[in-house]
Amino acid sequence: MKNLTSIFITIIVVLVSVSCSSDSSVYDPFKEQTKQPFYPARLSFRSVNDNGAITEKNWVFEYNSDNTIKRYTYTHSVSGTNIDIEETKVGNLRYYTDYKGNRCIETKSYSSYTSKRLADILVYTDTITEDARFNNNHIESIDTKGWRTTNGETVTTLSSRQTFNYSNDLCTSSTYTDSNNETTYTYKWNNNMLAVVTIHNQSKNNSDLTHDTYEYRYDNRTLASYYEFNPLAFVYGNKPQIYDAMGYLGKSTPYLLEFEEYNGYESINGKRYDIQSVQRSYHIMSGANSLIYSAESPGYSEYIFNFNN
């Protein structure tokens, strides 16, 4: 009888020990990622759809000694049937601490834009000052002010504000407002994976709106490398990309992206129009000095991001 009692007590002790051990060793995928410092000098994006429209985006990055981005150059072009777009932008970043001891980034940018749609031609330039303010390690607000010169004559004052909310280092929502629109972003996370992003843009002057939903799936058996420079900032494209690339807008999904699906609609004068859905299956290739995200997508013969030094 004493032996049975001793065995019973031993089993209880073992079970309690295993339970306590399990509770204290919660798996954290962010800590398990392989760290691979990678600060690309260039990023190129190119897509070609079945209608022959070609979209190209190119970024050039320059860094400070602490690997923060100090300057970027961006070009964007679209060419297709009855449409041509050319856009360029240059931004210079200054990092400082304000009189309250809060971290801040001031970005001064200049951009030019030209679009031709049949007989309609639009040309403008923007001169913008952007102030990003931190709360601890994350940007909590971005305020912009500046002006737009249209067709070399009309000058319009520009201003906007975007605020961000976080939970456990993950960005959960943000709101962007300017003089004409308000856009709300909702980020739904599932086990540290960004599962759904909803973007709702509402005109302030009338009922016109757009509503976009992006759903993502991952290979949750395979951790992505931690590059310090976040490439998903540009693949997702749903947050200010330069700040997101440096990790200032919360953590990014630690698993390999496999699939994206887009659905959306717009409402004009109270009438709803559904937008054609898009699906993309991603393949990721990495090397010592390069990283490529390519996607197979119905309606596209080419869709690829190429980060390299």
Side-chain angles (χ1 to χ4, degrees), residues 42-60 72-91 109-128 146-156 158 160 176 178-183 197 199-214 234-238 240-241 260-282 293-306:
R42 293 174 295 278
L43 161 60
S44 62
F45 168 79
R46 177 181 166 90
S47 71
V48 181
N49 68 21
D50 288 348
N51 294 324
I54 300 172
T55 299
E56 293 183 313
K57 299 178 182 180
N58 291 281
W59 296 81
V60 177
Y72 65 85
T73 303
Y74 169 72
T75 61
H76 169 218
S77 66
V78 178
S79 60
T81 304
N82 300 325
I83 182 171
D84 284 289
I85 297 174
E86 294 287 342
E87 181 182 10
T88 64
K89 185 176 182 179
V90 177
S109 66
Y110 177 84
S111 62
S112 62
Y113 178 92
T114 302
S115 69
K116 300 176 182 178
R117 300 172 186 267
L118 298 176
D120 295 328
I121 299 176
L122 174 63
V123 179
Y124 65 78
T125 60
D126 288 348
T127 302
I128 300 291
W147 64 89
R148 171 171 295 177
T149 304
T150 304
N151 296 328
E153 298 178 356
T154 305
V155 177
T156 305
L158 301 175
S160 68
Y176 175 92
D178 60 21
S179 58
N180 298 315
N181 302 279
E182 178 174 279
T183 306
V197 176
I199 305 173
H200 185 88
N201 178 273
Q202 179 77 53
S203 172
K204 291 181 177 181
N205 299 325
N206 51 48
S207 61
D208 292 353
L209 63 86
T210 60
H211 187 90
D212 303 310
T213 301
Y214 298 83
F234 297 89
V235 178
Y236 289 150
N238 52 48
Q241 293 160 309
E260 171 188 10
E261 181 173 359
Y262 163 79
N263 289 282
Y265 65 88
E266 60 182 353
S267 178
I268 302 175
N269 295 325
K271 186 173 182 179
R272 172 170 166 158
Y273 301 89
D274 289 331
I275 301 172
Q276 184 176 357
S277 63
V278 178
Q279 297 83 33
R280 298 188 180 100
S281 297
Y282 283 93
Y293 281 74
S294 63
E296 295 176 6
S297 180
Y300 287 83
S301 61
E302 188 174 346
Y303 194 93
I304 186 169
F305 296 85
N306 189 353

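Along the sequence shown, residues are numbered consecutively beginning with 1.
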**Pairs meeting criterion salt bridge (Lys or Arg N to Asp or Glu O under 4.0 Å) with involvement of residues 268-278, two or more places apart** =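 Residue pairs passing salt bridge (Lys or Arg N to Asp or Glu O under 4.0 Å), neighbours aside: Arg272-Asp274.
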**Request:** With the side chain counted from C-beta on, respond yes when Ile199 and Thr183 share a heavy-atom pair under 4.5 Å apart, and no when they do not.
**Result:**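 When only atoms from C-beta onward are counted, Thr183 and Ile199 do touch, with a gap below 4.5 Å.
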**Request:** Just grab all the salt bridge (Lys or Arg N to Asp or Glu O under 4.0 Å) pairs involving residues 297-306, residues at least two apart or on different chains.
**Result:**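 Those involving residues 297-306 are Arg46-Glu302.
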**Closest heavy-atom pair and its distance - Arg42, Val60** =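 Residues Arg42 and Val60, closest heavy atoms: CG-CG2, 4.4 Å.
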**Asked** Which residues satisfy the salt bridge (charged side-chain N to carboxylate O under 4.0 Å, His left out) test with Asp212, sequence neighbours excluded?
**Response**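 Result, salt bridge (charged side-chain N to carboxylate O under 4.0 Å, His left out) vs Asp212: none returned.
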**Message:** For the backbone of Gly264 and the side chain of Thr213, can you confirm whether one donor and one acceptor N or O come within less than 3.5 Å of each other?
**Reply:**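 No, because the side chain of Thr213 does not come within donor-acceptor range (under 3.5 Å) of the backbone of Gly264.
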**Message:** For a 4.5 angstrom cut-off between non-hydrogen side-chain atoms, does Trp147 reach Leu158?
**Reply:**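 Answer no - side chains too far apart.
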**Asked** side chain to side chain donor-acceptor pair (under 3.5 Å) with Arg148: which of Thr127, Thr154, Asp126?
**Response**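 Of the listed options, the one satisfying the test is Asp126.
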**Partners meeting salt bridge (charged side-chain N to carboxylate O under 4.0 Å, His left out) with Glu86 (sequence neighbours left out)** =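 Scan of Glu86 (salt bridge (charged side-chain N to carboxylate O under 4.0 Å, His left out), adjacent residues dropped) gives none.
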**Asked** Could you give the distance from NE2 (His211) to CD (Glu266), rounded to the nearest 0.5 Å?
**Response**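 It is 13.0 Å, given to the nearest 0.5 Å.
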**Message:** To the nearest 0.5 Å, what is the distance between CG on Asn58 and OG on Ser77?
**Reply:**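 That separation rounds to 7.5 Å.
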**Prompt:** Looking at side-chain heavy atoms only, is the closest gap between Thr55 and Phe45 below 4.5 Å?
**Reply:**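 Yes - at least one pair of side-chain heavy atoms lies under 4.5 Å apart.
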**Message:** For residues 113-124, which residue pairs pass the side chain to side chain donor-acceptor pair (under 3.5 Å) check, not counting sequence neighbours?
**Reply:**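 For residues 113-124: none.
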**Item:** Leu43 side chain reached by Phe234 side chain, heavy atoms, under 4.5 Å
**Value:**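 Counting from C-beta outward, Phe234 and Leu43 do come under 4.5 Å.
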**Request:** Give, for atom OG1 of Thr75 and atom CD of Glu87, the distance between the pair rounded to the nearest 0.5 Å.
**Result:**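 These two atoms lie 9.0 Å from each other.
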**Asked** Is there a side-chain contact between Asp208 and Asn269, using heavy atoms and a 4.5 Å cut-off?
**Response**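 Sidechains of Asn269 and Asp208: in contact.
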**Item:** Heavy-atom donor-acceptor pair, Asn51 side chain to Ala53 backbone, under 3.5 Å
**Value:**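 The answer is no, because no donor-acceptor pair under 3.5 Å joins these two groups.
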**Asn306: side chain to side chain contact (heavy atoms under 4.5 Å, CB included) partners, not counting sequence neighbours** =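 Per chain and number, Asn306 pairs via side chain to side chain contact (heavy atoms under 4.5 Å, CB included) with Ser44, Ile292, Asn308.
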**Separation of Glu182 CD from His200 NE2 (nearest 0.5 Å)** =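 It is 9.0 Å, given to the nearest 0.5 Å.
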**Prompt:** With a 4.5 Å limit on heavy-atom distance, are the side chains of Tyr110 and Thr88 in contact?
**Reply:**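 A side-chain contact under 4.5 Å is absent here.
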**Prompt:** Rounded to the nearest 0.5 Å, what separation is found between the OG atom of Ser294 and the OH atom of Tyr303?
**Reply:**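 These two atoms lie 11.5 Å from each other.
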**Asked** For the residue pair Tyr214 and Tyr262, does the interplanar ring angle fall in the parallel (under 30°), tilted (30 to 60°) or perpendicular (over 60°) class?
**Response**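 Because their plane-to-plane angle lies in the 30° to 60° range, the rings of Tyr214 and Tyr262 count as tilted.
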**Item:** Least distance between heavy atoms, Val278 atom then Ser297 atom
**Value:**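 For Val278 versus Ser297, the nearest heavy atoms are CG1-OG, 3.8 Å.
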**Asked** Considering all heavy atoms of both residues, which atom of Gly270 and which atom of Ser207 are nearest to each other, and what is their separation?
**Response**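 So the two residues come closest at N-OG, 3.7 Å.
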**Asked** With no hydrogens and no angle check, is any side-chain donor or acceptor of Asn151 less than 3.5 Å from a backbone partner on Glu153?
**Response**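 Judged by distance alone, no pair lies under 3.5 Å.
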**Prompt:** Should the pair Arg280 and Tyr293 be classed as cation-pi, given the thresholds of under 6.0 Å to the six-membered ring centre and 45° from the axis?
**Reply:**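 Pair Arg280/Tyr293 does not count as cation-pi.
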**Item:** Tyr72, Trp59, Tyr236, Tyr74 screened by side-chain contact (heavy atoms from CB on, under 4.5 Å) with Gln241, the one that passes
**Value:**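 Among the candidates, only Trp59 passes.
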